[in-house]
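Heads up: the structure comes next, in structure tokens.
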Amino acid sequence: MKNLPKIVLGFDFGMKRIGVAIGQTVTQTARPLDTLPAKEGLPNWEALSKLINKWLPDALVVGIPLNMDGTDQPISDKARQFARQLSQHFQLPVHEMDERLTTKAARENLFAEGGYKALQDGQVDRVAAQLILQNWLAENK
């Protein structure tokens, strides 16, 4: 087994909201944690700092939106910029993860569990972050 971090926070980057999930490498599990507001892709750094200080992660994972053929979307560079900013702000390793279809899967999972009501209040962003993190954990066990 690789020498992996124990606690990892995952992020589903968006221009208006950033979904956050927490996972651990021991059990290879992740769960939705929070959805933070963003203004034109800029997070609330104070709220983000509170999460980092509360959970003390060993590493961070940022989903990078790609087209189905693997090419960048217009938002891909902004997500990579967010990953760099996280690294600079918190001095933690930041890993990038392909996030193709995670938002679609998150919507489908939430709708199956609770209908349209479950799709409200930033839930999709949190669950998308969970899926991004679960995929990263699966690829790095």
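All values below come from the heavy atoms of this structure, side chains included, with hydrogens, waters and symmetry mates left out. Quick caveat: nothing in here was measured; it's all calculated off a predicted structure.
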Note to self: Within the 4.5 Å heavy-atom criterion, are Ile75 and Phe13 side-chain neighbours or not?
What the structure shows: yes
Between the CD1 atom in Ile7 and the CD atom in Gln24, the distance rounded to the nearest 0.5 Å is 5.0 Å
Applied to residues 19-42, the ring pair (Phe, Tyr, Trp, His ring centres under 6.0 Å) test, sequence neighbours excluded, yields none
Of all heavy-atom pairs linking Ala47 and Asn44, the shortest is N-OD1, 3.0 Å
**OP:** Evaluate the side-chain proximity of Leu33 to Leu9: yes if any heavy-atom separation is below 4.5 Å, no if none is.
**Re:** yes
Is the shortest distance from a Lys or Arg side-chain nitrogen in Asp58 or Lys6 to a carboxylate oxygen in the other one below 4.0 Å? no
To the nearest 0.5 Å, atom CE of Met97 lies from atom CG of Leu131 at 10.5 Å
Do the side chains of Thr71 and Leu66 get nearer than 4.5 Å, heavy atoms only? no
> Side chains of Leu36 and Leu48: closer than 4.5 Å at any heavy-atom pair?
Replying inline: yes
Residues passing the ring pair (Phe, Tyr, Trp, His ring centres under 6.0 Å) test with Trp55, sequence neighbours excluded, are none
query = Between Leu51 and Val20, is any pair of side-chain heavy atoms under 4.5 Å apart?
reply = yes
CE of Met15 to NZ of Lys39, rounded to nearest 0.5 Å, is 13.5 Å
Examine Leu42 and Phe90 and state if one hydrophobic cluster contains both, with Ile, Leu, Val, Met, Phe, Trp and Tyr joined whenever side-chain heavy atoms are less than 4.5 Å apart.
no
Exercise. Is there a salt bridge (charged side-chain N to carboxylate O under 4.0 Å, His left out) between Arg80 and Asp72 once you walk through the steps?
Worked result: CA-CA 11 Å; Arg80 288 189 185 97; Asp72 280 3; 2.9 Å; yes
Here the gap from Leu133 atom CG to Asp12 atom CG, rounded to the nearest 0.5 Å, amounts to 11.5 Å
When every non-hydrogen atom of Gly14 is compared with those of Ala38, the smallest separation belongs to O-CB, 3.9 Å
Are any non-hydrogen side-chain atoms of Phe82 and Val62 less than 4.5 angstrom apart? yes
Worksheet item: Ignoring hydrogens and geometry, is there a side-chain-to-backbone donor-acceptor pair from Ser76 to Pro65 under 3.5 Å?
Response: yes
Hey, is the main chain of Ala21 close enough, under 3.5 Å, to the side chain of Gln130 for a donor-acceptor pair?
no
Check whether any side-chain heavy atom of Thr25 lies under 4.5 Å from a side-chain heavy atom of Leu137, and answer yes or no.
yes
Quick check: do Phe11 and Ile132 have side-chain heavy atoms less than 4.5 Å from each other? no
d(Arg31 CZ, Arg126 CZ) to nearest 0.5 Å is 11.0 Å
Residues passing the side-chain hydrogen bond (donor to acceptor under 3.5 Å, both in side chains) test with Ser87, sequence neighbours excluded, are none
To the nearest 0.5 Å, atom CG of Asp34 lies from atom CD1 of Ile22 at 11.5 Å
